[in-house]
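Notes for the one structure printed next.
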Amino acid sequence: MTAKNALWSSFLRPFQSNLFSGLLKWKNNSNNYRNIPIASFKKGFKVAPKAPEPPRRVNLQDLRKWKREGRKIVMMTAYDYPSAVHADLSEMDVVLVGDSVAMVTLGHDTTQKVTIDDMIYHCRAVVNGCKRALIVGDLPFGSYEISPPQAMSSAYRLVKEGSVDAVKLEGGRKMAETVHRIVQGGIAVMGHIGLTPGSVSAIGGFRSFGRNSKEAIEIFQGALALEEAGAFAVVLECIPHLVAKHITECLSIPTIGIGAGKYTSGQVLVYHDMIGMLQHPHHAKVTPKFCKKYAQVGEAIQEALENYRDEVLQGKFPNETYSPYHISEEEYEKFVQEMQKLRPPVSSSSATIPDNLHENVQLWKRITWLGSNRITCNIHTKKPLVILTREPRKDEQLATLLKRKDINVASIPCVLQEKTEEFSGFVQSLPYLDKSGWLVVTSPEAADLLIEAWKLAGNPTLPLLSAVGKSTAGRFFHEHLVDDSHSIFIPSTATGKSLAEQLPISKENTKVYYPTSALASSTVENILRERGCIVERWNIYTTVSKEWTQEQRKLAETSCIVAFGSPSAVAVWSERVKHKPICACIGQTTAAACHKLGFKLVFSAKEPGLEGWVGAIEQALECI
Ligand SMILES: Nc1nc(=O)c2c([nH]1)NC[C@@H]1CN(c3ccc(C(=O)N[C@@H](CCC(=O)O)C(=O)O)cc3)CN21
Ligand SMILES: CC(C)C(=O)C(=O)O
C-alpha cells in the first residue's frame with residue numbers, strides 16, 4: 001500500500017462499522033466527505049473546496065438506505081489485488097474476501113482448510129486494491145465456533161491485521177449470541193445461512209437447503225435471530241427463491257443471495273465462477289450450477305499460454321518489438337571482439353540442427369575432403385571460407401554480419417533476378433490501379449522492382465500496401481512509398497501464405513495486385529481468390545542461373561560451407577558441383593530443396609531472416 005493510500009484507509013476505516021452499531025453518532029453533511037465525522041474537524045478548520053475527491057467508501061448506512069429504496073446491492077468475492085481492482089473499477093458495492101479462497105485459489109476441496117492467517121493475508125491484498133467497496137472478510141471454519149470470545153478475537157484480528165470493514169460468519173440461531181458479542185465489540189457482522197459450506201463434512205456435501213418447510217422455517221428463524229443480534233446483512237445461499245423472497249420481505253436488514261433467486265436485496269457471486277476462469281475440466285466441478293458465466297476467461301488464458309509456449313518454442317517470441325534494448329554498432333563491435341578473445345560462441349540457437357548430426361558429420365568427413373588440406377581456407381587465417389551464392393549486392397548485409405563475427409566469406413553467385421517483359425506493362429498500369437485494392441509484395445526482389453516501377457511511373461498514388469515481412473516492408477519506408485508503419489500490412493509470420501490468409505479484406509471483389517516472380521507458386525493468389533478477391537498477378541521478374549568464372553568453379557570444387565538463399569540456387573549448385581558441402585540455408589524451403597538434392601548436412605534458420613541464417617552458418621562451422 002502506498003503511504004497515501006494507507007493514510008486514507010486508516011482515516012476512513014474505523015468509522016464505518018461504528019456508524020451502524022450506533023456506538024458513535026455522526027452527522028452527515030452535504031460535502032463529499034460523508035465518511036468523515038464532522039466532529040473530527042477542528043473548529044474553524046475547513047475542508048478545502050476543491051481538494052481532490054477521496055474515494056468514498058460504501059458504508060452500512062448506504063446498504064440500509066438501498067434496502068429501503070429497493071436498490072439492489074451488488075457484491076462479489078475477491079481474493080487478491082487484481083480481482084479487488086477489477087471489483088472497484090466495476091463499482092461493486094461490497095467485496096467479500098470469502099473462505100471460498102480455499103477452493104478457488106488454493107485448490108482445496110472444501111473451505112474448511114483455510115486458516116485465519118490465510119484470510120488475513122488475502123484480506124490485506126484485497127484492501128490494497130479496493131477503495132470504494134465495503135470489504136467483508138470471512139471468519140474461517142474453526143476460528144469462531146468454539147466460543148464468543150474466540151470469535152471476537154478472530155474478528156479483531158481480521159479487522160486489525162486484515163484491515164477489513166466487517167466480518168462474515170456462517171450459522172443461524174446457534175450463532176446469534178456470537179454475532180451479538182462481536183457487534184457489541186464494535187465490529188460489523190454479516191450473517192450467512194442456507195448452505196453453510198464450512199459445515200460441509202457434517203452436511204455430507206454441498207447441497208441446497210430449505211426445500212422442505214422444516215428447513216425453510218429453520219432458515220427463516222436463523223435470519224430473524226441474526227437481525228436481532230445486530231448483523232447488518234445476511235447471505236442466503238442455495239435456497240429456493242420463494243423462501244428467500246419471504247425472508248427478504250420480513251427483514252429490515254438486506255439479504256444477499258447466492259443461488260437464492262432474484263428476490264433478495266442483493267446478489268453475490270464468486271469471482272472465478274462469474275468470469276469463467278475455472279472452466280477447465282480440472283476445476284469445473286467446483287462451479288455451482290446457479291452461477292452465470294459472464295466471460296470465458298479460462299479459455300482466453302489457456303489460449304494465451306499456449307500461444308506463448310508455441311512462440312517461444314518456434315523462436316517467434318520475442319521478436320524485434322519485444323527486444324527494445326539496443327547497443328550501438330560501434331559498441332557491439334568492441335564487445336564481439338573482446339568476447340571472441342574471452343570465449344568464442346559455442347552455438348547459435350536460432351538455427352535448426354539436423355537429426356543425427358554426429359553421424360552425419362562423421363560420414364561427411366569420410367566422403368569429402370576434410371582431413372586432407374583441400375578445404376578452401378583463408379590463406380592467412382586457415383579458417384574455412386563460407387561461400388555466398390546470391391548476387392553480391394544482395395549478400396552485402398549477410399557478408400557484413402559474418403565478417404563482424406570473424407567468419408571468412410567468398411562469393412560464387414548462382415542465380416540472378418531478371419526483369420521480365422511484363423515489367424514494363426506493370427509500370428504502365430501502375431497509375432491506374434484501384435486505390436482501394438491491395439498491392440501485395442512477398443519478396444524483397446519484388447519490393448525493389450515495385451519501387452523501381454513506381455519511380456518510372458512518376459510516383460503515382462498506390463493501392464494499400466502489404467509486405468510479407470519487416471525487411472521487405474522496410475524498403476518501402478526507405479524509399480518513402482509509405483510514411484509510417486501503420487500504412488502497411490505485415491502478417492504475423494513472414495510467409496506468402498500467412499499474408500494471403502491474414503490480409504484485411506473488408507468487401508467482396510477487392511482487387512489485389514501481386515507483382516512477383518514468374519517462378520513463384522500460385523499459393524498466394526489461390527488463397528486470396530478463395531477469400532473473394534480479384535487477383536491480378538504480374539510476373540515482373542524471374543530467376544536465371546549465373547555463369548561462373550574459372551576461379552569460381554575451382555573454388556566451388558573445394559568449398560566446405562555454402563550459404564543458400566533460394567531453392568533455385570541449390571539446384572544450380574548441385575548441377576555444377578559434384579561434392580556436397582555443408583549447407584546453411586536462409587529458411588526451411590531452401591533447406592528442403594537441399595535435402596531433396598542429397599545434401600547430408602543442412603542447417604537452416606527456423607524463420608526466414610538474416611539472424612537465423614547467420615546462426616545456421618555458425619552451426620555449420622561448428623562441424624569442422
Ligand atoms: N467456486 C465456488 N463457487 C461457489 O459459489 C462456492 C465455492 N466455490 N465454494 C464455497 C461455496 C460452496 N458453494 C457451493 C458448492 C457446490 C454447490 C453445488 O454443487 N450445488 C449443486 C446443487 C445441489 C443441490 O441441488 O442440492 C449444483 O449442482 O449446483 C453449491 C454451492 C458455494 N460456494
Ligand atoms: C459464496 C460466498 C457467499 C462465500 O461465502 C464465499 O465465497 O466464501
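Please read all numbers here as calculations on a predicted model, not as lab measurements.
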| query | Is a donor on one side and an acceptor on the other found under 3.5 Å between the side chain of Lys113 and the backbone of Met103? | reply | no
| note | Residue pairs meeting ring pair (Phe, Tyr, Trp, His ring centres under 6.0 Å), one or both in residues 141-168, sequence neighbours left out, come to none
| Main-chain N/O of Pro504 paired to Trp438 side chain as donor or acceptor, under 3.5 Å | yes
| query | For the residue pair Cys123 and Val164, what are the closest heavy atoms and their distance? | reply | SG-CG1, 3.5 Å
| Does some side-chain heavy atom of Asp80 sit less than 4.5 Å from a side-chain heavy atom of Tyr121? | no
| query | What residue pairs, at least two apart or across chains, pass salt bridge (charged side-chain N to carboxylate O under 4.0 Å, His left out) with a residue in residues 193-204? | reply | none
| request: Would you please test Thr493 and Ser498 for side chain to side chain donor-acceptor pair (under 3.5 Å) and show each step? | output: CA-CA 6 Å; Thr493 39; Ser498 315; 2.6 Å; yes
Under 3.5 Å, side-chain donor or acceptor atoms of residues 235-248 against the rest of the protein: list the pairs with distances, not counting sequence neighbours.
residue, atom, partner, partner atom, Å
Glu237, OE1, His192, NE2, 2.7
Lys245, NZ, Glu249, OE2, 3.3
Thr248, OG1, Ala244, O, 2.7
Thr248, OG1, Thr255, OG1, 2.7

| message | For Ser199, is there any backbone N or O sitting under 3.5 Å from a side-chain donor or acceptor partner on Thr196? | response | no
| message | Under a 3.5 Å threshold, yes or no: a donor from one side chain and an acceptor from the other, between Ser252 and Glu227? | response | yes
| Step-by-step side-chain contact (heavy atoms from CB on, under 4.5 Å) determination, Val95 to Leu134 | CA-CA 6 Å; Val95 161; Leu134 180 89; over 6 Å; no
| task | Mind listing the closest non-hydrogen atom pair of Thr178 and Ala151 along with its distance? | result | CG2-CB, 3.2 Å
| If you measure from OG on Ser147 to CD on Gln150, what distance do you get to the nearest 0.5 Å? | 5.5 Å
| request: May I ask you to check whether over 12 heavy atoms, not counting those of Lys72, lie within 6.0 Å of atom NZ? | output: yes
| said: Suppose we screen for salt bridge (charged side-chain N to carboxylate O under 4.0 Å, His left out). Which residues come up paired with Glu303, at least two apart in sequence or across chains? | reply: none
| task | Kindly give the heavy-atom pair with the smallest separation between Leu528 and Ala500, and that separation in Å. | result | CD2-O, 3.6 Å
| task | For the residue pair Ile488 and Phe476, establish whether any side-chain heavy-atom pair is separated by less than 4.5 Å. | result | yes
| Intermediate values then yes/no, side-chain contact (heavy atoms from CB on, under 4.5 Å), Thr77 and Asp273 | CA-CA 10 Å; Thr77 67; Asp273 295 347; over 6 Å; no
| field | Tyr81, OH atom: more than 12 neighbouring heavy atoms under 6.0 Å | value | no
| message | Tell me the closest heavy-atom pair linking Gly496 and Val468, and the distance in Å. | response | N-CG2, 3.8 Å
| Quick check: does any side chain N or O of Glu170 sit under 3.5 Å from a backbone N or O of Gly198, one acting as donor and the other as acceptor? | yes
| request: For atom CZ of Phe335, decide whether the heavy atoms of other residues, nucleotides or ligands shown that lie under 6.0 angstrom number more than 12. | output: no
| Contacts of Phe317 that satisfy ring pair (Phe, Tyr, Trp, His ring centres under 6.0 Å) - sequence neighbours left out | Tyr322
| task | Any chance you could lay out the side chain to side chain donor-acceptor pair (under 3.5 Å) test for Gln267 and Thr264, step after step, and finish with the verdict? | result | CA-CA 7 Å; Gln267 295 292 331; Thr264 50; 3.1 Å; yes
| request: Provide the closest heavy-atom pair for Ala467 versus Pro491 in the form atom of the first, atom of the second, distance. | output: O-CD, 3.2 Å
| query | Can you list every pair that meets salt bridge (charged side-chain N to carboxylate O under 4.0 Å, His left out) and has a residue in residues 134-149, with sequence neighbours left out? | reply | Asp138-Lys168
| query | Quick one: salt bridge (charged side-chain N to carboxylate O under 4.0 Å, His left out) pairs with a partner in residues 154-163, sequence neighbours left out? | reply | Asp117-Arg157, Arg157-Glu161
| message | With side-chain contact (heavy atoms from CB on, under 4.5 Å) as the criterion, how do Val114 and Met119 come out once you've worked through the C-alpha distance, each side chain's angles and the decisive distance to 0.1 Å? | response | CA-CA 7 Å; Val114 80; Met119 290 307 300; 4.0 Å; yes
| query | More than 12 non-hydrogen atoms from neighbouring residues, nucleotides or ligands closer than 6.0 Å to CD on Glu320, yes or no? | reply | no
| query | For Ile73 and Val268, what are the C-alpha separation, side-chain angles and deciding distance, and is it a side-chain contact (heavy atoms from CB on, under 4.5 Å)? | reply | CA-CA 9 Å; Ile73 296 161; Val268 58; over 6 Å; no
| field | Ion pair check, Arg173 and Glu218, cut-off under 4.0 Å | value | yes
| Between Phe232 and Arg64, is any pair of side-chain heavy atoms under 4.5 Å apart? | no
| field | NZ or CZ of Arg207 within 45° of Phe209 ring axis and under 6.0 Å | value | yes
| field | Donor-acceptor pair, side chain of Lys214 and main chain of Gly210, under 3.5 angstrom | value | no
| field | Non-hydrogen side-chain atoms of Val94 and Val136 separated by less than 4.5 Å | value | yes
| request: Under the ring pair (Phe, Tyr, Trp, His ring centres under 6.0 Å) rule, collect the residues that match up with Tyr79, sequence neighbours excluded. | output: His272
| What pairs with Arg71 under salt bridge (charged side-chain N to carboxylate O under 4.0 Å, His left out), at least two apart in sequence or on another chain? | Asp93
| Do Leu158 and Ile120 have side-chain heavy atoms sitting under 4.5 Å apart? | yes
| query | Are Asp62 and Arg57 close enough for a salt bridge, meaning some N to O gap below 4.0 Å? | reply | no
| message | Check this for me, if you would: do Lys65 and Glu69 make a salt bridge, where the nitrogen-to-carboxylate-oxygen distance has to be below 4.0 angstrom? | response | yes
| remark: Heavy atoms of Gly469 and Ala494 approach each other most closely as CA-CB, 4.3 Å
| With a 4.5 Å limit on heavy-atom distance, are the side chains of Arg132 and Glu91 in contact? | yes
| Under 3.5 Å, is there a donor-acceptor pair between the side chain of Ser154 and the main chain of Ser143? | yes
| request: Could you pull out all residues at least two apart from Glu228 that satisfy salt bridge (charged side-chain N to carboxylate O under 4.0 Å, His left out)? | output: none
| Are side-chain heavy atoms of Val234 and Ile193 found at a separation under 4.5 Å? | yes
| said: If only side-chain N and O atoms count, and only distance matters, is there a donor-acceptor pair under 3.5 Å linking Gln112 with Ser201? | reply: yes
| task | Answer yes or no: is there a side-chain heavy-atom contact under 4.5 Å between Arg309 and Leu313? | result | yes
| All side chain to side chain donor-acceptor pair (under 3.5 Å) counterparts of Thr115, not counting sequence neighbours | Asp118
| Of all residues at least two apart in sequence or in a different chain, which pass the salt bridge (charged side-chain N to carboxylate O under 4.0 Å, His left out) check with Glu177? | Arg181
| query | Does Asp88 reach the main-chain N or O of Ala133 with its side chain, forming a donor-acceptor pair under 3.5 Å? | reply | yes
| said: For Lys507, I'd like to know if atom NZ has over 12 heavy atoms of other residues, nucleotides or ligands within 6.0 Å. | reply: yes
